[in-house]
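Everything on this sheet refers to the single structure shown next.
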Amino acid sequence: MSSGSSFSPPRGMRDFYPEEMAAQNVILRTWRSVSESFGFEEYDACIVENLDLLKRKSGEDIVKQIYAFEDKSGRELALRPEMTPTLARMIAARQGALAMPLKWYTIAQCFRYERMTRGRRREHYQWNMDIVGEPSVSAEAEVITAVCAALSRLGLSPTDFVVRINDRALVAAVLASLGVDAAYHATMFLVLDKRDKTDDLAALLDNANLPPDAVQAVDQLAALRSLDDVARLIGEDAAPIQSLRELIKLLELSGLTKSVAFDMSVVRGLDYYTGIVFEGNDAKADMRAIFGGGRYDNLLKAVGGKPASGVGLGFGDVVIHDLLADKNLLPGAAPVLDVAIGYMGIEQRSIATGIASTMRAAGSSVDLGLHPEKAKQFFSRVGNGRARQAIFLGPDDLAAGEYRIKNLEDRTEKVVPFSALSPSD
RNA sequence: GCGGGCGUAGCUCAGUUGGUUAGAGCGCCAGGUUGUGAUCCUGGAAGUCGCGGGUUCGAUUCCCGUCGCUCGCCCCA
């Protein structure tokens, strides 16, 4: 490590060595296969985005949180911090031509310039699923069902995680019924989001600068633990109550009862969410959210398109990686080869190459030795879980017209004549 | 932006109350009659003790700075 610092990637950026790639691919492949099996279409976009688009969605302050720069012509650009503005732009550009509702997904590398903590780097891959143009809660149900399927395929059981669901419209209705002025609703969302994460609630309320009745409302809100509690306050007929009940019913039909819960403290930080919001967490460990999402009604309009309602989900690779690693659910090494082939002298290289070629054509993964080596070296190189079977060729094999293929797990050998090979077809 | 912890071999870490050539385990390389993985035996390579400055006869050790890593806070995905 003498001069090792210059070999490190830039702060917060990540390298993936082959043995880490195996674990990374488990996550990315699961995202992809779940998306496909739920009928989402894949899209992709440029990593560099117009800074203006990001500002339009999130305001000027966002600039200090992202990797922003000028190109050589003075264009203001940025490495995308998230995918949603880009998605909105792409949809707005073809809004007339696209058949709604659409279901799109992507796995996007995103960048954010900020301080790092556990579960957060300056660069990550984020799985996005969006359903745009569908106003009913079927959209929320579909996205949440899909994300639960992904967690399940990654090896988590239904009680390992919890999806907490809320509706911003519901919170707004409750606040209104408690007499909190609409002007303070946004601040109240923030306070709600924080109240379980801080140990100094008093200071938080102080800083929030809320009127006394709003401060009182925070406690009253905390007392509302179930949807029934809320329904008693604002009435069973209230639209947010109805839609949340319907969503929960749909999720129950998909067998997700154990993983889903109403929780009024979930509001999500992003201000473009307007309706139902949800967040997935590990059921035990105190980690940051595994994923989050919700309904946005104004996003398309905000980037200059026609209004359309959408539901989106963002799911980063870092937290889930740490979580799965803690539970020993990720592979620690590169994938295992079907066959490794080695040879003692350069004279055996041709036949070794022929065997490799035939086996590869038949669909096996084969590692062919790049140079002659000693038997001991060969077997210790490939025998440590790197390959399932091994073929080692020496002069005797050539003379006998056969080779031995060895099962590296039980150490048994099988003799195969060269004539069994048919390299030409 | 604020605060805590840590930088010694490829990895995990000892250690030096400041004193000759800096240690272990694991890993790696070579050998143990030129055709077989584990174990075993023998040997070996490998460190400007993160970097720079200060104090000192002498610094890896003490002090200051700096860079890097890490964990929180702020904020957020």
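Letters go in sequence order (proteins before strands), and every chain restarts at 1. Note that the structure is a prediction, hence the values are computed from the model and not measured.
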In whole angstroms, how far is the [atom2] atom of [N] from the [atom1] atom of [X]?
X	N	atom1	atom2	answer
A:Y403	B:G35	OH	C1'	18 Å
A:R112	B:C75	CZ	C1'	9 Å
A:R122	B:G68	CZ	C1'	13 Å
A:E409	B:U36	CD	P	21 Å
A:R11	B:U66	CZ	C1'	14 Å
A:Y17	B:C11	OH	C1'	14 Å

Answer with base, sugar-phosphate or nothing: what part of the nucleic acid does [X] contact at a heavy-atom distance below 4.0 Å?
X	value
A:R386	nothing
A:N407	base
A:R381	nothing
A:R121	base

Checklist entry - Under 4.0 Å between a Lys/Arg side-chain N and an Asp/Glu carboxylate O for A:E82 and A:R112? => result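 Salt bridge: no.
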Checklist entry - Between A:E20 and A:R14, does at least one N-O distance fall below 4.0 Å, as a salt bridge requires? => result no
Item to check | Those residues that, when tested against A:Y113, pass ring-ring contact (aromatic ring centres under 6.0 Å, His included) (two or more places apart) | outcome: A:Y67
Item to check | Side-chain (A:N50) to main-chain (A:D52) donor-acceptor, under 3.5 angstrom | outcome: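 Not confirmed, A:N50 side chain does not pair with A:D52 backbone.
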Under 3.5 Å, which donor-acceptor pairs do the side chains of residues 152-161 of chain A form with other protein atoms, sequence neighbours left out?
from	atom 1	to	atom 2	distance (Å)
A:R153	NH1	A:S33	OG	3.1
A:R153	NH2	A:S37	OG	3.1
A:S157	OG	A:T159	OG1	3.4
A:S157	OG	A:D160	OD2	3.3
A:D160	OD2	A:S157	N	2.8

Atom pairs and distances, donor-acceptor, side-chain atoms in residues 290-310 of chain A, under 3.5 Å, two or more places apart:
from	atom 1	to	atom 2	distance (Å)
A:R295	NE	A:E140	OE2	2.7
A:R295	NH1	A:E134	O	2.9
A:R295	NH1	A:S309	OG	2.6
A:R295	NH2	A:E134	O	3.1
A:R295	NH2	A:P135	O	3.4
A:R295	NH2	A:S136	O	3.0
A:R295	NH2	A:E140	OE1	2.9
A:R295	NH2	A:E140	OE2	3.4
A:Y296	OH	A:D130	OD2	2.6
A:D297	OD1	A:S309	OG	2.5
A:D297	OD2	A:T274	OG1	3.1

Item to check | Same-atom distance (P) from B:G15 to B:C62, integer angstrom | outcome: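 That atom pair is separated by 13 Å.
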Checklist entry - Using atom C1' of each nucleotide, how far apart are B:G44 and B:A38 to the nearest Å? => result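 After rounding to an integer number of Å, I get 22 Å for this pair.
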Next on the checklist: Only Watson-Crick and G-U wobble pairs with both distances less than 3.5 Å should count. Give RNA chain B in dot-bracket notation, marking inter-strand partners with |.
Outcome noted: (((((((..((((.....[...)))).(((((.......))))).....(((((..]....))))))))))))....
Next on the checklist: Just so I know, are the side chains of A:W31 and A:F315 near enough to count as touching, which here means a heavy-atom distance under 4.5 Å?
Outcome noted: yes
Next on the checklist: What I'd like to find out is whether the side chain of A:I351 reaches to under 4.5 Å of the side chain of A:T353, using heavy atoms alone.
Outcome noted: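 Result no, sub-4.5 Å side-chain heavy-atom pair not found.
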Item to check | Protein-to-nucleotide contact annotation, 5' to 3' order, nucleotides 25-33 of chain B [B base; S sugar-phosphate only; - none; under 4.0 Å, heavy atom] | outcome: ------SB-
Next on the checklist: Checking A:R32 now: which residues fulfil side chain to side chain donor-acceptor pair (under 3.5 Å) with it, not counting sequence neighbours?
Outcome noted: A:E42
Next on the checklist: Among B:C75, B:G35, B:A38, which nucleotide has an atom closest to any side-chain atom of A:E114?
Outcome noted: B:C75
Checklist entry - Between A:D397 and A:Y113, who's closer to the 5' end of RNA chain B by nearest nucleotide? => result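 Comparing both residues, the 5'-ward one is A:D397.
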Next on the checklist: Between B:U36 and A:R404, counting only base atoms on the nucleotide and side-chain atoms on the residue, is there a donor-acceptor pair under 3.5 Å?
Outcome noted: yes
